[in-house]
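Single-structure report; data block below.
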Amino acid sequence: MKSGLLFPGQGSQFVGMGQSLARRFPEARKTFEEADDILGFALSRLAWEGPQEVLTATENAQPALYAHSLAAYRVTRDRIGLVGAAAGHSLGELTAHGAAGTYSFADGLRLVRLRGKLMARAGEAAPGAMAAVIGLSADSVAALCREAADTGLTVVPANLNSKSQVVVSGEFAGVEWLCSAAKASGAKRAVPLTVSAAFHSPLMGPVAEDFGKSLDDTAFRSPSFPVVSNVTAEVEGDPDRIRRLLVRQLTSPVRWIECVARAREEGVTRFLELGPGRVLTGLNRRNARGVPTRAVGEPDTIDSMEEWI
């Protein structure tokens, strides 16, 4: 049997994340200690004690998620068995490459910390918003985004999470217009998200070049198992192409439905969500019906892996 690894993105963080994991498993504790040393500040204390508003800041949330997810992976990798494919949601794609050895833990941590800082900087320079549209197809949402563009507003599909959930991103006026138009078009809900910037939209464009330079300066290898790109929804193994796609990911939609489907094409028969929360596990109820999916980020879920796997 082949396992598919799923790595969560920003929004899954919470105060206390990874603390019980580190208390129980020495390898998880060492992972957080390593992260503290690499970054030069107590990321572990921030993840475990907060405050929430500081942990939620993009430049902190992203490395905290990376560290927690890879701590969970290191603890469980000997129990997982054969990995058929991995996929990560937005920031989680960089975590997936960290697990696959595309770059070292340290280099990946520095990249996600920089990525968070750059995305926060873009949000300060061009403030924006995001909203989840529930109950409207991706095609319908895309059509509304085109209508908005015709009126001079910037709003785009950002996360294609499931057939009934699309997240849009863009300038405040564009997202506000889209939410109103979506409701008028039959959406069940259009819910503004608590985010600091318009991720996966053109508003992230000004920082793409700086992130690309940092990627070029980082040693990349071919992943040790297939990793699906958010941008292409295909398995990408060439290091140079992976670099280019990670830059494009900043302004491109996360094609999550297709990413999960592509992982299944690699022969995956079960999924593990590694890290905090259960967001991707919940989405798999729609995206991978009938395929067992389990969130693995706390000691109790790891203890019960034997009977599940």
Side-chain angles (χ1 to χ4, degrees), residues 8-15 17 35 38-43 45-47 50-67 88-95 108-133 145 148-149 151-159 167-179 190-218 230-231 243-254 276:
Q10 198 166 337
S12 289
Q13 72 279 348
F14 61 89
V15 173
M17 57 186 284
I38 292 164
L39 295 180
F41 73 95
L43 178 69
R45 184 185 301 169
L46 178 58
Q52 177 71 28
E53 61 272 17
V54 180
L55 175 61
T56 302
T58 304
E59 63 271 24
N60 296 325
Q62 294 197 17
L65 286 159
Y66 177 91
H89 195 287
S90 189
L91 171 275
E93 184 179 343
L94 283 87
T95 313
L109 185 66
R110 295 187 190 100
L111 283 174
V112 299
R113 171 72 166 170
L114 175 64
R115 182 179 185 270
K117 287 182 176 180
L118 291 173
M119 293 171 83
R121 189 177 82 192
E124 292 170 359
M130 300 179 75
V133 178
C145 288
T151 66
L153 297 172
T154 299
V155 59
V156 297
N159 305 151
V167 173
V168 296
S169 181
E171 60 182 337
F172 283 107
V175 172
E176 184 178 18
W177 181 93
L178 192 287
C179 287
V191 185
L193 302 181
T194 305
V195 295
S196 60
F199 304 139
H200 301 287
S201 82
L203 276 65
M204 292 290 106
V207 299
E209 183 177 352
D210 286 345
F211 189 52
K213 289 178 181 177
S214 184
L215 290 167
D216 287 340
D217 290 339
T218 300
N230 284 180
V231 176
R243 286 189 182 93
R244 294 194 297 272
L245 289 172
L246 289 176
V247 174
R248 286 177 55 191
Q249 194 223 54
L250 293 174
T251 55
S252 300
V254 175

Any donor-acceptor N/O pair, [X] side chain to [Y] backbone, under 3.5 Å:
X	Y	answer
T151	A148	yes
T154	G170	no
N60	V54	yes

Which residue pairs pass the salt bridge (charged side-chain N to carboxylate O under 4.0 Å, His left out) test with at least one member in residues 195-208, sequence neighbours excluded?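 Passing the test, one end in residues 195-208: no pairs.
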
Once side-chain hydrogen bond (donor to acceptor under 3.5 Å, both in side chains) is applied, do any residues pair with [X], and if so which ones, sequence neighbours excluded?
X	result
E176	none
Q249	E93, R115, N230
T58	Q10, S196
T56	Q52

Applying side chain to side chain contact (heavy atoms under 4.5 Å, CB included), can you list everything that pairs with [X], at least two apart in sequence or on another chain?
X	value
R110	I38, A106, D107
A126	L203
P253	none
A35	L43, A67, F105, L109

Can you list everything that forms a ring-ring contact (aromatic ring centres under 6.0 Å, His included) with H200? Sequence neighbours excluded, please. none

Salt bridge (charged side-chain N to carboxylate O under 4.0 Å, His left out) with D210: which residues, sequence neighbours excluded? R121

Residues forming a salt bridge (charged side-chain N to carboxylate O under 4.0 Å, His left out) with E53, sequence neighbours excluded: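 Expected list: none.
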
Show your reasoning for whether side chain to side chain contact (heavy atoms under 4.5 Å, CB included) applies to R244 and V247. CA-CA 5 Å; R244 294 194 297 272; V247 174; 5.8 Å; no

Which residue is it: M119, K117, R113, Q13? I am looking for the one with a side-chain contact (heavy atoms from CB on, under 4.5 Å) to Q62.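 The option that passes is M119.
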
Report yes if the side chains of [X] and [Y] come closer than 4.5 Å at any heavy-atom pair, otherwise no.
X	Y	answer
V156	P202	yes
S169	M130	yes
S90	N159	no

Does atom CZ of R243 have more than 12 heavy-atom neighbours from other groups under 6.0 Å away? yes

